[in-house]
Chemist: 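Please see the structure below; I have some questions.
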Amino acid sequence: MNLEAIIQEAVSQAVSVLYQFETEPAQIQLQKTKKEFEGDVTVVVFPFVKAARKSPEGAGQEIGEYLVQNSHVISAFNVIKGFLNLSINRTYWIDLLNNISANEKFGTVASDDNSPLMMIEYSSPNTNKPLHLGHIRNNLLGFSISEIQKANGWQVVKTNIVNDRGIHICKSMLAWKLFGNGETPESTGMKGDHLVGKYYVVFDKAYKTEIKELMEKGMTEEEAKKNAPLMLEAQKMLLAWEQNDAEVRQLWETMNGWVYAGFDETYKELGVNFDKIYYESDTYLTGKSEVERGEAEKVFYRRDDSSVWADLTPDGLDEKLLLRADGTSVYMTQDIGTAKLRYDDYKIDKMVYVVGNEQNYHFQVLSLLLDRLGYEWGKSLVHFSYGMVELPEGKMKSREGTVVDADDLMAEMIETARETSQELGKLDNCSEEEIREIARMVGLGALKYFILKVDPRKNMTFNPKESIDFNGNTGPFIQYTHARIKSVLRKAADQRINFGTEIDKTIEISEKESYLIQLLSGFPAVVRQAGEEFSPALIANYTYDLVKEYNQFYHDFSILREENETLKIFRLNLSEAIAKVIKTAMGLLGIEVPERM
RNA sequence: GGUCUCGUAGCUCAGCUGGAUAGAGCAACAGCCUUCUAAGCUGUGGGUCUUGGGUUCGAAUCCCAACGAGAUCACCA
């Protein structure tokens, strides 16, 4: 039983005995005692004052006396207004640290083949342009959520649906064909996804010029957009693709191949990966047949123009198109197909889509449609809806070139990390190889932490002019603390100090030290909550609190110079346990921690 | 217009399942390295928690309204 439960139990008993007031232990409100007061844990006594028919202070006093007499973990108390501050026995904390030290996987729950399975879809790029900062948030969240769910005992299958077909890809293909002069990643030295992205922009520019010309000839903007030769050509290409035209398919395979090679590099550098990748070109036909089945079963209906629709007005939504009049599929159709194939492939207990909040409506509809098609899991799918990354000027727009490119940003971060290390002279004794590795860890750590520390549901702002910090509430600060602890532990090992052994419970430890243990002991609950709420930010904020607290301890106390041997070993054990939790926690965020920096 | 988010220090964010004088970081200013890594530590200044009502012993937190910002309601994905 953890401390919270022990105290809740004891308080529940106390008010029952003292005031015949019956309450569930879980109902008892506890909080961390504020720093300015004596004590470790505080009970809010207001809820009992009515039953006690006493002042808050009086009731607090009586409950406090009862607790000290009847609970072996509570050593003292004081009452301030309606707050009963409890001091916990020092031996309890040391015992707790001994347990934490002994548990290599502290904070995580292992899974096995019988554990429930969660499939998590994230990333899901289009193959017509390179990844940008918005995708970085998606990828980091998806990966981190996956790690967090694993730590909560789920089997996790990370999946990616690649949007590899459609008009957007044809645009890049057409522009390359018309203006590309046979350029390839090899001939230009460009990453494949960037090369394809370049032609997507080329298309857009040329298209806009055509629109302008047509408008000068008297067309309305709408007409011009529809009738621009480039657009007509792109649509022709899409049709040819659907009809398996050999030349178009060939070009499509080639250019997508370039993009995949580029994406693979970006994913690798970001440190994310997938267990199973689906391609829209493989799933959209399944979607079509599912929709046709739905029509046959009368849950969807066909209009006179032969397009197929779902009527969602009974659910308070609109009507939704599922197949165009010409029989081609839309986004929703493909998602239905993908969902079916996934459930055919895996025994999924929970399906999670990591997709931006701009698609809230889409997933509301998808859930209803799957339900109508008879899939009992339709209603229970989870849309993990996260907020947009915005620039100070507003939204990023690919076609207007206002995006922050993923590859560029990562490279800049790593470069900054390297420069900083050099300026501080931190890595003067390291090999070039080590320097490169540490700069990579720290640069990416800064970026990942910057993204993951904010509540995923909220929009966030990124200002390219102000580079991401390396001081304060940042990834490098946490990594630094880890490296610092490791350095002390190395020195201890050099001195042949035998730490890591159980500590004698009778030693006197400080408030700061017991508070650190208290913080450590809260880690499993944070992991659990992060899993329930799908929030890496909780892990990030917890780790920051822990690390900040530790740095104060590090500053105010000596470890290796402590003369009391037992106390010295206690502090080494405490430091080691904190390093362990830092590493586990950062691992849940996909952030590596260096041994030195 | 309908639906849904959001509004906390100059900036970026915590706190939101109601509880003590609302917290960090950055930026500004002032200190701390002969001592375990100063990417650190300490201090100063900075707030009508958008506004107005309501519920409550108690509201940044819950409810209602207004104002402001954003998303969505595509035969784009």
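In what follows, chains carry the letters A, B, and so on, assigned in the order in which the sequence lines appear, proteins first and then strands, with residues in each chain numbered from 1.
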Chemist: Between the base of B:G58 and the ring of A:F46 - centre-to-centre under 5.5 Å, planes within under 30° - is that a stack?
Modeler: no
Chemist: Under 4.0 Å, heavy atoms only, any strand: does A:M460 hit a base, just the sugar-phosphate, or nothing?
Modeler: sugar-phosphate
Chemist: Can you tell me which stems RNA chain B forms, taking runs of 3 or more consecutive Watson-Crick or G-U pairs with both distances under 3.5 Å?
Modeler: B:1-7 with B:67-73, B:10-13 with B:23-26, B:28-32 with B:40-44, B:50-54 with B:62-66
Chemist: Return no unless some side-chain N or O of A:K34 is found under 4.0 Å from OP1 or OP2 of B:G19.
Modeler: no
Chemist: Whether A:S307 contacts B:C75 is assessed here as follows: a side-chain N or O lying under 4.0 Å from the phosphate OP1 or OP2. Is that the case?
Modeler: no
Chemist: Just the rounded figure in Å: distance from P of B:C73 to NZ of A:K320.
Modeler: 7 Å
Chemist: B:A39 phosphate, OP1 or OP2: any side-chain N/O from A:Y480 under 4.0 angstrom?
Modeler: yes
Chemist: Just checking A:D305: base, sugar-phosphate only, or nothing, at a heavy-atom cut-off of under 4.0 Å?
Modeler: base
Chemist: For A:H555 and B:C33, what is the distance between atoms NE2 and C1' respectively, to the nearest whole Å?
Modeler: 9 Å
Chemist: With sugar-phosphate meaning primed atoms plus P, OP1 and OP2, does A:S421 contact a base, only sugar-phosphate, or nothing at under 4.0 Å between heavy atoms?
Modeler: base
Chemist: For A:F477 and B:G40, do the ring centres fall under 5.5 Å apart while the planes stay under 30° apart?
Modeler: no
Chemist: So, does A:N138 use its side chain to make a donor-acceptor pair with the main chain of A:S123 at under 3.5 Å?
Modeler: yes
Chemist: Treating A:N78 as the side-chain partner and A:E38 as the backbone partner, does any N or O pair qualify as donor plus acceptor under 3.5 Å?
Modeler: yes
Chemist: Could you tell me whether A:Y361 contacts a base, only the sugar-phosphate backbone, or nothing, with contacts defined as non-hydrogen atoms closer than 4.0 Å?
Modeler: sugar-phosphate
Chemist: Please report, rounded to the nearest Å, how far the P atom of B:U37 is from the CD1 atom of A:I438.
Modeler: 15 Å
Chemist: Is the shortest distance from a Lys or Arg side-chain nitrogen in A:E295 or A:R302 to a carboxylate oxygen in the other one below 4.0 Å?
Modeler: yes
Chemist: Mind checking if A:V49 touches a base, just sugar-phosphate, or nothing, with heavy atoms under 4.0 Å?
Modeler: nothing
Chemist: Using whole Å, what does the distance between atom C1' of nucleotide B:C13 and atom CZ of A:F450 come to?
Modeler: 9 Å
Chemist: For B:A14, does OP1 or OP2 lie under 4.0 Å from any side-chain N or O of A:K458?
Modeler: yes
Chemist: Does a nitrogen or oxygen in the side chain of A:N471 sit under 4.0 Å from OP1 or OP2 of B:G40?
Modeler: yes
Chemist: Ignoring hydrogens and geometry, is there a side-chain-to-backbone donor-acceptor pair from A:R303 to A:S307 under 3.5 Å?
Modeler: no
Chemist: Check this one for me: any side-chain N or O of A:Q552 less than 4.0 Å away from OP1 or OP2 of B:U42?
Modeler: yes
Chemist: Using atom NZ of A:K32 as one end and atom C1' of B:A22 as the other, report the distance to the nearest whole Å.
Modeler: 18 Å
Chemist: Remember a base hit wins even if backbone is also touched, and classify A:K81 as base, sugar-phosphate or nothing at under 4.0 Å, heavy atoms.
Modeler: sugar-phosphate
Chemist: Measure CZ/A:F553 against P/B:G40 and give the value in whole Å, please.
Modeler: 19 Å
Chemist: Does A:D164 reach a base, just sugar-phosphate, or nothing at all? Heavy atoms under 4.0 Å.
Modeler: nothing
Chemist: Base, sugar-phosphate, or nothing for A:K548, non-hydrogen atoms under 4.0 angstrom?
Modeler: sugar-phosphate
Chemist: Using a cut-off of strictly less than 4.0 Å, decide whether A:R490 has a side-chain nitrogen or oxygen near OP1 or OP2 of B:U37.
Modeler: no
Chemist: Regarding A:N551, tell me which of base, sugar-phosphate or nothing describes its non-hydrogen contacts under 4.0 Å with the strands shown.
Modeler: sugar-phosphate
Chemist: Looking across every strand, which nucleic acid part, if any, lies under 4.0 Å from A:R457 by heavy atom: base, sugar-phosphate, or nothing?
Modeler: nothing
Chemist: Any side-chain N or O of A:R418 below 4.0 angstrom from OP1/OP2 of B:A39?
Modeler: no
Chemist: Checking all strands, does A:Q359 fall into the base, sugar-phosphate, or nothing category for heavy-atom contacts under 4.0 angstrom?
Modeler: base
